[in-house]
Amino acid sequence: MKESVYSICGMCAVRCPIKVEVENGKVTWIEGNSHDSGMGTSICAKGGASIPFQYDNERPQSPMIRVGERGSGKWKNVSWDEAYGYITDKLKTIIDEHGAKAIMLTDRGGPFADLRKAFIKAIGSPNYINHDCTCGRNANHAAKSVLNMGRKGFSYDFKNAKNIILFGRNITESFKVKEVKGFMQAVKNGAHITYVDPRVTNTAGKATRYWRIKPGTDYALLLGITNYIVNKKLYDEDFVSKWVLGLPKLRTFLKPYTPEWAEAETSIPAEEIKAFCHEVNNDRPKVIFHIGWHLSRYGDTFYASRMLNILNGLMGNVEVEGGLIYPKTPGNAGSKGLKGLGADIPAVDEVRCDCCDDLYSHFDSGAGMLQIAYQSIDTEKPYPVKAYIAHRHNPLIAMPDPEEQKRILNKLDLLVSVDVNFSETSWFSDVILPEATFFERDSILRTDKGPKPGFSMRRKCVDSFYDSKPGWEIYVELAKRLGKGEYLPYKTIEDIWKYQLQDTDVKIEDFNATGFVKLCADPIGCDPKNITFSTDSGKIEFFSKKWEKNGIPSFKPYKSPQSAPEGSYRLLFGRKGYQTHGQSNNNPVLHELLGTNRLWINTDVAKKLGIEHGDMVKITNGNIEGTIEAKVTDFIHPDAVFMLHGFGVNVPAQTRAFGKGLADQDFMTGKLTDWDPAGGGLTLNECFVTVKPAA
Ligand SMILES: Nc1nc2c(c(=O)[nH]1)N[C@H]1C(S)=C(S)[C@@H](COP(=O)(O)OP(=O)(O)OC[C@H]3O[C@@H](n4cnc5c(=O)[nH]c(N)nc54)[C@H](O)[C@@H]3O)O[C@H]1N2
Ligand SMILES: Nc1nc2c(c(=O)[nH]1)N[C@H]1C(S)=C(S)[C@@H](COP(=O)(O)OP(=O)(O)OC[C@H]3O[C@@H](n4cnc5c(=O)[nH]c(N)nc54)[C@H](O)[C@@H]3O)O[C@H]1N2
Ligand code: SF4
Ligand SMILES: [Mo]
């Protein structure tokens with residue numbers, strides 16, 4: 001029997017709409033869901049490699065409980081009943097001794113996190129945290145400090161833009177399928193594209209202007225740009241007078257930061273900076289300054305991203321085609337939204353262990369800060385945290401300094417990992433719960449914002465290949481066994497979907513035809529007359545009262561980045577188009593495409609060090625060292641070396657990837673406690689390694 005199922009890909013956190021073909025209970029084909037016009041049938045290589053992932057025998061095949069030391073790799077396979085029993089016995093003891101707040105759950109955020117948030121609320125803990133302190137937090141907080149809305153508060157209309165500016169946003173390799181298609185349309189249309197990165201990426205190859213910036217000096221370049229734009233009035237004066245607060249303060253602050261000053265700091269010629277400013281002025285309002293996602297990780301990245309938000313404010317590009325558009329919600333289409341699964345659960349009256357509702361009230365407590373939570377595990381302040389559930393999250397590679405993390409995690413009474421693969425974190429856990437893969441599970445409904453807002457559904461395509469269970473079932477069962485079943489009273493996924501849809505006119509059957517439901521027939525276009533900002537003043541605020549109240553200046557004087565110690569190079573990192581962090585390297589097919597990482601090193605530097613392309617080199621930071629193949633290239637700034645993140649896999653059960661290449665996070669000693677108090681991001685790029693020939 002052959003059937004097609006519309007669903008949602010799970011091979012990375014982008015979660016694209018897909019069509020899956022199933023023959024006799026096996027997945028045989030996957031492509032983009034062409035009912036979604038932005039997607040077409042396109043899919044990326046990682047999505048294409050989902051079938052070998054589904055049938056890979058190097059995934060956990062049943063629940064497992066540790067029998068040896070943490071991390072020793074000694075396990076017994078157990079039934080789900082035994083695993084649930086083991087976890088809930090431990091949790092009950094922890095709750096009796098320390099209260100439910102001693103339990104924390106972290107995950108990969110995103111549209112399906114609502115059920116896990118509801119679970120943690122149901123058991124009475126405030127400690128839901130997502131992965132974002134090593135991902136988009138700096139950019140998110142920068143946007144909050146200017147607009148009082150997060151990084152995703154605007155969508156970017158790349159397709160119609162005349163001018164796109166990307167600071168380290170490697171949009172064609174670290175991509176989202178729909179977004180990169182829009183971007184490539186802009187390339188075809190002849191848009192001006194400026195790409196800034198110490199390294200030449202594929203995106204640099206698509207750009208009309210590439211600036212090889214000195215690492216860590218983006219804020220200086222942005223100060224030089226903004227200075228010139230403000231002084232020469234190369235901005236939208238009408239928009240600014242109506243919608244912007246704080247221009248005089250900005251102007252005063254910018255005085256010393258001329259393009260000539262910026263040239264000295266960044267090595268980008270002042271004349272080029274000026275020409276660029278005139279170009280954006282000609283192209284506005286169809287100009288997009290991307291505020292960054294996993295923006296480079298320096299002590300002042302928050303301020304660089306703030307300046308990008310400020311430049312958008314100056315361009316008057318809000319709610320215009322080719323600019324920044326409010327993603328339309330169900331409310332904009334005259335409908336109610338999905339009901340939150342935690343809506344009927346009593347609020348938890350406890351301070352968060354990461355103090356994001358207290359000491360760090362300028363940080364978004366919805367996402368929290370894992371590095372601060374680690375300190376609570378370590379110091380038991382503000383209170384002890386004794387149990388940690390990591391769901392779809394691998395902090396031992398996503399957070400820096402795994403050895404220091406292990407020291408802290410060893411203070412826990414219980415560490416549980418819910419994953420579809422083995423990971424460094426699951427290997428160090430007490431219990432591994434194998435989640436059913438995205439082909440094998442239904443998920444809660446997701447809200448889709450955009451010109452045609454609506455909802456979409458991930459549907460189970462095939463039965464579990466191994467003894468795994470969908471996430472929703474795991475948390476419903478754990479809540480029941482902890483005596484909180486009344487708050488997650490669901491027997492089937494349909495019960496959950498009906499709960500979510502209760503305030504809308506949408507029925508479960510409505511998803512059958514295409515996998516999604518749109519709440520309006522025609523796209524809701526831009527309406528520049530309908531601009532609103534949720535700041536106190538109702539305007540774009542260049543000066544942030546909230547940050548200032550927490551002792552953090554809105555305008556921070558520039559300080560040059562630390563220069564590399566003699567003989568050392570700054571360690572940069574990033575990703576590639578057919579790789580998802582650390583989770584794809586053991587994929588049978590992706591591993592063949594990209595089996596290891598290499599160290600990019602500048603040609604002149606390599607020559608000086610006696611290193612040739614393809615040589616093995618030894619890199620060192622303190623007592624951490626490793627050997628890696630050199631990629632000698634002109635395409636990287638001489639102050640830096642670069643490696644892809646996610647390699648150096650340390651899980652013996654992943655035999656294809658085990659021990660291949662190096663892990664950038666291993667070299668980031670001390671970085672678990674080195675983060676920017678203004679943006680919250682860990683300063684991962686403030687890390688240096690020495691390089692020499694291995695022999
Ligand atoms: N294929 C694929 N796509 C993905 C992902 C994936 O794993 N695989 N992950 C997704 C996720 S979670 C994220 S957060 C995004 C990340 O998207 P991006 O932030 O675009 O991606 P990165 O690959 O981290 O690229 C960071 C770039 O910053 C550059 N850089 C380093 N130092 C500096 C500096 O001082 N200044 C400037 N201007 N640049 C600097 C690096 O050289 C690197 O090219 O990608 C998403 N898309
Ligand atoms: N040094 C350094 N640190 C970084 C980065 C870097 O470039 N360098 N990048 C940062 C960025 S941008 C991000 S977003 C984070 C990413 O950090 P993580 O979110 O931890 O990374 P991933 O590898 O995407 O996924 C985590 C785990 O989810 C599992 N998983 C995948 N699909 C499923 C599923 O359907 N269900 C369940 N239960 N599990 C699943 C994977 O097998 C993997 O073990 O790392 C950050 N940390
Ligand atoms: S970007 Fe690729 S891997 Fe990620 S969800 Fe989309 S198709 Fe799947
Ligand atoms: Mo990320």
Side-chain angles (χ1 to χ4, degrees), residues 8-18 30 32 39 42-50 59 106-109 112 130-136 166-171 173-178 180 195-199 201 203-204 211 213-218 221 290 292-298 301 304 390-400 417-426 433-438 441 443 471 561 570-584 600 636-637 640 642 644-646 663-668 671 682 684-685 687:
I8 298 174
C9 180
M11 291 299 278
C12 84
V14 174
R15 305 171 180 102
C16 298
I18 48 169
I30 166 174
M39 187 76 192
S42 307
I43 199 168
C44 81
K46 301 166 288 164
S50 54
R59 297 200 283 118
T106 69
D107 69 12
R108 189 54 203 284
F112 303 123
N130 74 22
H131 70 295
D132 211 37
C133 67
T134 44
C135 178
L166 304 166
F167 274 73
R169 174 71 188 100
N170 186 8
I171 199 165
E173 293 185 271
S174 301
F175 58 79
K176 301 176 171 190
V177 172
K178 279 201 255 180
V180 76
Y195 183 72
V196 187
D197 194 317
R199 182 175 73 101
T201 62
T203 309
W211 278 335
I213 194 166
K214 182 177 159 67
T217 64
D218 301 58
L221 178 56
H290 194 296
W293 183 359
H294 181 232
L295 203 64
S296 55
R297 288 316 165 85
Y298 300 85
T301 296
H391 180 108
R392 203 193 194 291
H393 192 195
N394 185 8
L396 282 178
I397 80 151
M399 300 287 286
S417 174
V418 187
D419 206 306
V420 292
N421 290 305
F422 288 111
S423 74
E424 279 71 3
T425 307
S426 70
L433 297 180
E435 188 176 24
T437 67
F438 71 93
R441 70 177 189 258
S443 295
R570 205 176 266 279
L571 179 60
L572 309 186
F573 50 81
R575 46 221 98 243
K576 201 167 175 65
Y578 35 92
Q579 172 217 3
T580 307
H581 305 281
Q583 63 170 281
S584 61
W600 292 42
I636 184 160
H637 195 282
F642 170 91
L644 287 173
H645 173 61
D664 57 336
Q665 72 276 5
D666 286 356
F667 293 86
M668 297 174 181
K671 290 292 153 196
L682 288 129
L684 303 181
N685 282 129
C687 169

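Order of listing sets the numbers, starting from 1, for every ligand and every atom in it.
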Atoms in ligand 1 flagged as close to Asp218, the criterion being non-hydrogen separation under 4.0 Å = 34 (C), 35 (O), 36 (N), 37 (C), 38 (N)

message = Please state which option from Lys46, His294, Lys176 has its nearest heavy atom closest to atom 19 (O) of ligand 1.
response = His294

task = Name the option, out of Gly574, Ala45, Gly168, Gly136, that contains the heavy atom nearest to atom 26 (C) of ligand 1.
result = Gly168

key: With sequence neighbours excluded, residues passing salt bridge (charged side-chain N to carboxylate O under 4.0 Å, His left out) with Glu435   = Arg441

request  = Compute both the distance and the angle, then confirm whether Lys46 meets the cation-pi test with Phe175: under 6.0 Å from the six-membered ring centre, within 45 degrees of the axis.
outcome  = yes

query = Does ligand 2 have a heavy atom under 4.0 Å from the side chain of Asp664, from its backbone, from both, or from neither?
reply = side chain

task = Give the contacting part of His131 toward ligand 2: side chain, backbone, both or neither, where contact means a heavy-atom distance below 4.0 Å.
result = side chain

query = Arg441 to ligand 2: N or O pair under 3.5 Å?
reply = yes

ask   = Going by the order shown, which atoms of ligand 2 are within less than 4.0 Å of some heavy atom of Gly582?
value = 23 (O)

Within-2.8 Å protein N/O/S contacts of atom 2 (Fe) of ligand 3 = Cys44 SG

message = Asn394 and side chain to side chain donor-acceptor pair (under 3.5 Å): which single residue from His581, His131, Arg108, Glu424 fits?
response = Glu424

task = Please name all residues satisfying ring-ring contact (aromatic ring centres under 6.0 Å, His included) with Trp211, sequence neighbours left out, ordered by chain then number.
result = Phe276

Of all pairs that satisfy salt bridge (charged side-chain N to carboxylate O under 4.0 Å, His left out), the ones with a partner from residues 390-399, not counting sequence neighbours = none

Lys176, portion touching ligand 3 at heavy-atom distance under 4.0 Å = neither

query = Do any nitrogen or oxygen atoms of Thr217 lie less than 3.5 angstrom from nitrogen or oxygen atoms of ligand 1?
reply = no

